[in-house]
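By convention in this document, chain letters (A, B, ...) are assigned in the order of the sequence lines, proteins followed by strands, and residues within each chain are numbered from 1.
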Number of protein chains: 2
Amino acid sequence: MAKITKTRGYPIGQMSRLTGVNIETIRYYERIGILPKPDRTAGGNRQYSHDQLKRLSFVARSRALGFSLNEIRSLFEMVDRDDFSCSEVHTLTTGHLASVRAKIDHLQRLETALEGMAAKCSRGDVPDCPIIDTLFEAL
Amino acid sequence: MAKITKTRGYPIGQMSRLTGVNIETIRYYERIGILPKPDRTAGGNRQYSHDQLKRLSFVARSRALGFSLNEIRSLFEMVDRDDFSCSEVHTLTTGHLASVRAKIDHLQRLETALEGMAAKCSRGDVPDCPIIDTLFEAL
DNA sequence: CCTTGTATCTGTAGTTGCTACAGATCGTAT
DNA sequence: ATACGATCTGTAGCAACTACAGATACAAGG
């Protein structure tokens with residue numbers, strides 16, 4: 001008879017290696033409810049299932065795309081409802097896209113302003129700096 | 001004889017109004033040493049000089065350009081040394097500019113990825129979403 | 001069985017740049 | 001004298017982690 005291979009699941013270090021998520025961060029995600037509490041060994045070590053691995057990698061991917069943890073929470077809520085509609089997801093995604101574009105726009109303005117300041121600068125050794133002057137400009 | 005107009009200086013609320021910096025934030029800047037401790041009235045209220053007003057507005061401008069508080073600290077150190085060289089300031093500024101550009105670059109990659117995901121989405125009412133699929137992609 | 005060494009555990013505090021109270025006092029106009 | 005707004009201190013919260021310290025757990029070798 002074949003031995004029952006009671007799969008022991010992944011310890012946290014392996015989860016970390018597989019997803020690239022820091023161990024402390026994985027525990028953090030559990031603490032704030034982004035990840036469900038995993039099983040424990042007799043001694044108290046976490047044992048993750050393959051499903052939980054998929055969840056963590058979902059979180060990692062989403063974070064890499066700039067989704068906030070709250071947005072990820074919403075995505076999970078939709079998925080877990082399991083009658084979620086694609087258009088809800090689309091809405092959340094385009095909302096996030098809009099905020100990314102707003103950030104780009106803001107940073108590009110900063111870029112222009114900084115370029116202007118740096119260009120005015122003679123880079124000399126003298127304590128008369130157009131950059132500082134600009135920053136100190138009268139109210 | 002003309003009355004000695006002992007200039008009372010600006011109370012914190014006026015500093016806030018003049019610079020657009022929140023009162024709590026002004027006190028925070030003082031606490032972390034970005035702004036010097038102002039004089040106090042007999043009763044203990046802060047009284048700011050015009051010089052301090054200029055400093056606060058310098059901070060506000062710099063923050064608006066995305067400089068971190070530590071960068072601003074460095075700028076003040078240079079200015080206060082009062083033999084600072086313009087090229088030091090230039091270096092700090094272009095360093096900051098580089099980090100702004102890096103952020104823009106990063107966000108543009110996110111933008112592209114998000115656009116791609118959103119475009120694949122049929123926006124239907126069905127629970128079969130290419131966005132979710134992408135996020136759940138196998139390791 | 002015992003030791004060694006790595007992995008993991010919990011709990012707490014630090015990071016950045018603010019913001020938001022609560023409860024007390026100040027300052028000024030009437 | 002009193003009312004009202006402005007200010008005071010001190011603490012705790014936000015996002016999203018990261019970094020310890022000090023205590024166990026677990027797996028492999030002798």
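- Listed nucleotides C/dT19, D/dT7, D/dC17 differ in distance to A/T25; the shortest reach to its side chain belongs to D/dC17.
- The side chain of A/I12 lies closest to C/dC9 when the candidates are C/dG17, C/dC9, D/dC17.
- At whole-Å resolution of the value, CD in B/Q14 and P in D/dT7 are 9 Å apart.
- Annotation: the span from B/T134 atom OG1 to A/R61 atom CZ amounts to 8.5 Å, rounded to 0.5 Å.
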- request: Show your reasoning for whether salt bridge (charged side-chain N to carboxylate O under 4.0 Å, His left out) applies to B/D105 and B/R101.
  value: CA-CA 6 Å; B/D105 188 75; B/R101 285 183 176 142; over 6 Å; no
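- DNA chain C is contacted by both B/E24 and B/N45; B/E24 maps to the nucleotide lying nearer its 5′ end (nearest heavy atom per residue).
- The interatomic distance linking A/F67 (CZ) with D/dA15 (C1') rounds to 17 Å, in whole Å.
- A/S74 pairs in a side-chain contact (heavy atoms from CB on, under 4.5 Å) with only one of the listed residues (A/V79, A/L69, A/L92), which is A/L92.
- Distance CD1 (B/I34) to C1' (C/dT16): 12 Å, rounded to an integer number of Å.
- We find that CD of A/E71 is positioned 9 Å from P of D/dA16, with the value rounded to whole Å.
- Using a 4.0 Å cut-off, some side-chain N or O of A/R40 falls inside it from OP1 or OP2 of C/dT10.
- The nearest whole Å value for the distance from the CZ atom in B/R31 to the C1' atom in C/dA20 is 12 Å.
- For the pair B/E30 CD and C/dG17 P, the computed distance is 18 Å after rounding to whole Å.
- Side-chain nitrogen and oxygen atoms of A/R46 include none within less than 4.0 Å of the OP1 or OP2 phosphate oxygen of C/dT8.
- Between A/I26 atom CD1 and D/dC17 atom C1' the separation is 13 Å, expressed in whole Å.
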task: Go through the steps to decide whether B/Y28 and B/V21 satisfy the test side chain to side chain contact (heavy atoms under 4.5 Å, CB included), and finish with yes or no.
output: CA-CA 11 Å; B/Y28 168 71; B/V21 177; over 6 Å; no
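- A/Y29 has a side-chain polar atom (N or O) that falls below the 4.0 Å cut-off from OP1 or OP2 of D/dC17.
- In this structure, A/R63 reaches the sugar-phosphate backbone alone: every heavy-atom distance under 4.0 Å involves primed, P, OP1 or OP2 atoms, never a base.
- Distances were taken from every side-chain heavy atom of A/L69 (C-beta onward) to each of D/dT7, D/dC17, C/dT8; the shortest belongs to D/dC17.
- Neither OP1 nor OP2 of C/dT10 sits under 4.0 Å from any side-chain N or O of A/R27.
- Between A/R27 and A/E30, no side-chain nitrogen of the basic residue sits less than 4.0 Å from a carboxylate oxygen of the acidic one, so the salt-bridge criterion is not met.
- Across all strands shown, B/I23 has heavy atoms under 4.0 Å from sugar-phosphate atoms exclusively, and none from any base.
- In terms of phosphate contacts, A/T41 brings no side-chain nitrogen or oxygen within less than 4.0 Å of OP1 or OP2 of D/dA25.
- The CD1-P distance, from A/I72 to D/dA15, rounds to 13 Å in whole Å.
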